[in-house]
Amino acid sequence: MTDLTPRRRMLVLAICCMSLLIVSLDNTILNVALPTLRREFHSSVSGLQWTIDAYLIVLASLLILAGSTADRIGRRRVFQAGLALFVLGSVLCSLAPSLGWLVGARVVQAVGGSMLNPVAMSIITNVFTEPRERARAIGVWGAVVGLSMAMGPLVGGVLVDSVGWRSIFWLNVPIGLAALALTALYVPESRAERPRRADPAGQVFMILLLATLTYAIIEGPGRGWGDPAVLGAAAVAALSLAGFVRHALRAPEPLIDLRFFRSVPFAGATVIAVSEFAALGGFMFLNALYLQDVRGMSALHAGLYLLPMAAMSAVFAPLSGRLVGSRGPRPSLVAAGAATLASAVLIAAFDAETHDVTLFIAYVLFGIGFGMVNSPITNTAVSGMPRAQAGVAAAVASTSRQVGQALGVAVIGAILAAGTAGARSDGTAFVAAARPAYWVLAGCAAVVLVLGVLTTGRRAARSAERTAALFETAEPAPGGRHVTGASTR
């Protein structure tokens, strides 16, 4: 792909960023429509949680599979299929006659979305082969994430207030169709020289684990924690986790190679991603409902209130990337954890939401924390990994982000539902129920802060080097087994 002209490479980057924009936008844009959905469909808190988590669970479950499939059958082909499915899912969402249909359509959207971001990143890394150009392209890619977060609440508020909640899904259709046509014209086909083998058993275990765990957390407060369906889902989740680990230890090429977790930086980056994105998912869910249901704001007004958080994220994301490049990941991770922790404690302990100025400060701090965390997560995850394994390590980090966001919405929504069950709908019960939820978010931030220190030092770097040596001395043989030196195991 080195024979592509600079203009065509820029076009490929723009097309890939279009896909990232619509997938990332759908992570945030729906939050401001949640109160409208609750009124129109007479939904419970758990119903609102499923409109977000159905998307995130499927996205997280299929990201690694989509990437390996694209490496095998062709990245452009899978990318186009993902765009088509995402557009179809968006149309189905806009036509949904009930909350159940909306959740089902969100699943279709997520299947398409899982084929876009990891595949688009593979396309970018294959088109931009010169290191400096590739770094700039990935920088643009990261900026689009911040832009989509900044646009989500505001654009969602404008559309919900002026046209209706269904219009937030119409937005994806022209962008997706344009990207689909441009992909056919300008994006070259590519495949990996040695694609990873499919792991259907690992994939099934992962889907079962995430789906049943989320079901138990979301439905527990409403059904009761002793309900047979909730207990059964929890049992299936536990068995799925055990099956996943057992299978991963025995399979020649598992979905997630558990040897990665011998690397302290990689294990730390995974937990940091889950924790920070759990805080993001829970924070956005809480505040979208608080601003509209308790303060009585319109969707647009709520979007404007959330804009400082999104703007700070967009500003600090590229600054964090530069800081990681010059000083390593530790300063960015510590800053991210400290800012997010301060934001959550400000609301949990000092009632920051009762005054506009303190609420604004809390939003600014949270935006700084989230903006600072993305670059060091990816950097820490791939730190010390052999080049052949860096892509898989980055994919696991991306999956961890989606898992974290889904768990954040599930746990925070469950706390909220339990605290408001049977209470008056005057806003007092919501504020009281939200207080322990913010302490949970503070705990997530504390994890980021502590692990940001513990997983980025010299001792952690030596751990990454030892893990890298495992992969360098264990190359897969043609039959799928691993060869170490002259012996086969």
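Along the sequence shown, residues carry numbers from 1. Because only heavy atoms are used, hydrogens play no part in the values below, and waters and symmetry mates are left out as well, while side chains stay in.
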Review point. Hey, do the aromatic rings of Phe283 and Phe370 have their centres closer than 6.0 Å?
Key: no
Practice item. Rounded to the nearest 0.5 Å, what's the gap from OG on Ser275 to CG on Leu451? Could you check? Key: 7.0 Å
Can you give the donor-acceptor pairs under 3.5 Å from side chains of residues 96-105 to other protein atoms, not counting sequence neighbours?
unit_1	atom_1	unit_2	atom_2	d
Ser98	OG	Trp101	N	3.4

Exercise for review: Check the pair Leu300 / Leu154 against side chain to side chain contact (heavy atoms under 4.5 Å, CB included), numbers first and verdict last.
Suggested key: CA-CA 6 Å; Leu300 175 58; Leu154 185 59; 4.1 Å; yes
Revision key, fill the gap. Applying ring-ring contact (aromatic ring centres under 6.0 Å, His included) to Tyr186 and not counting sequence neighbours gives none
Review point. Can you name the residues that form a salt bridge (Lys or Arg N to Asp or Glu O under 4.0 Å) with Arg322, not counting sequence neighbours?
Key: none
Exercise for review: Enter the distance from Phe285:CZ to Leu280:CG here, rounded to the nearest 0.5 Å.
Suggested key: 13.5 Å
Kindly list each side-chain donor-acceptor pair under 3.5 angstrom involving residues 403-419, sequence neighbours excluded, with atom names and distances?
none

Check your understanding: Is Arg295 salt-bridged to Asp356, cutoff N-O under 4.0 Å?
Key -> yes
Check your understanding: Are side-chain N/O atoms of Gln292 and Ser298 paired as donor and acceptor at under 3.5 Å?
Key -> no
Review point. Looking at CG of Leu304 and CG of Leu291, how far apart are the two atoms once the value is rounded to the nearest 0.5 Å?
Key: 11.0 Å
Exercise for review: List in chain and number order the residues that pass ring-ring contact (aromatic ring centres under 6.0 Å, His included) with Tyr438, two or more places apart in sequence or in another chain; answer none if no residue qualifies.
Suggested key: none
Review point. Going through the distances and angles, do Val91 and Trp170 end up as a side chain to side chain contact (heavy atoms under 4.5 Å, CB included)?
Key: CA-CA 7 Å; Val91 171; Trp170 299 343; over 6 Å; no
Review point. With sequence neighbours excluded, what pairs up with Asp161 under the salt bridge (Lys or Arg N to Asp or Glu O under 4.0 Å) test?
Key: none
Revision key, fill the gap. Interatomic distance, CZ@Phe366 vs CG@Leu306, rounded to 0.5 Å, equals 11.0 Å
**Study point:** Distance, nearest 0.5 Å, that separates CZ of Arg166 from OG of Ser90
**Key:** 14.0 Å
Practice item. Carefully, step by step, assess Thr340 and Leu365 under the rule side chain to side chain contact (heavy atoms under 4.5 Å, CB included). Key: CA-CA 6 Å; Thr340 308; Leu365 286 170; over 6 Å; no
Practice item. Determine, stepwise, if the pair Met18 / Leu21 fulfils side chain to side chain contact (heavy atoms under 4.5 Å, CB included). Key: CA-CA 5 Å; Met18 288 168 72; Leu21 179 66; 5.6 Å; no
Check your understanding: Closest heavy-atom contact between Val334 and Leu449?
Key -> O-CD1, 3.4 Å
**Study point:** Residues that Trp50 engages under ring-ring contact (aromatic ring centres under 6.0 Å, His included), provided they are two or more places apart
**Key:** none
Point to revise | Set of salt bridge (Lys or Arg N to Asp or Glu O under 4.0 Å) partners for Arg38, sequence neighbours left out | key: Asp293
Exercise for review: Could you pull out all residues at least two apart from Tyr305 that satisfy ring-ring contact (aromatic ring centres under 6.0 Å, His included)?
Suggested key: His301
Check your understanding: Do we see a donor-acceptor contact under 3.5 Å between the side chains of Ser320 and Ser375?
Key -> no
Practice item. Go through the structure and list residues passing salt bridge (Lys or Arg N to Asp or Glu O under 4.0 Å) with Arg8, not counting sequence neighbours. Key: none
Practice item. Determine whether Arg9 and Phe128 make a side-chain contact, defined as any pair of heavy atoms from C-beta on separated by less than 4.5 Å. Key: yes
Practice item. Please examine the side chains of Arg77 and Arg191, heavy atoms only from C-beta on, and report whether any two atoms are closer than 4.5 Å. Key: yes
**Study point:** Partner set under side-chain contact (heavy atoms from CB on, under 4.5 Å) for Pro308, not counting sequence neighbours
**Key:** Phe360, Val364
Indicate every side-chain donor-acceptor pair of residues 53-61 with a distance under 3.5 Å to a residue at least two apart or in another chain.
unit_1	atom_1	unit_2	atom_2	d
Tyr55	OH	Val23	O	3.2
Ser61	OG	Ile57	O	2.8

Check your understanding: Looking at CG of Leu171 and CG of Asp26, how far apart are the two atoms once the value is rounded to the nearest 0.5 Å?
Key -> 8.5 Å
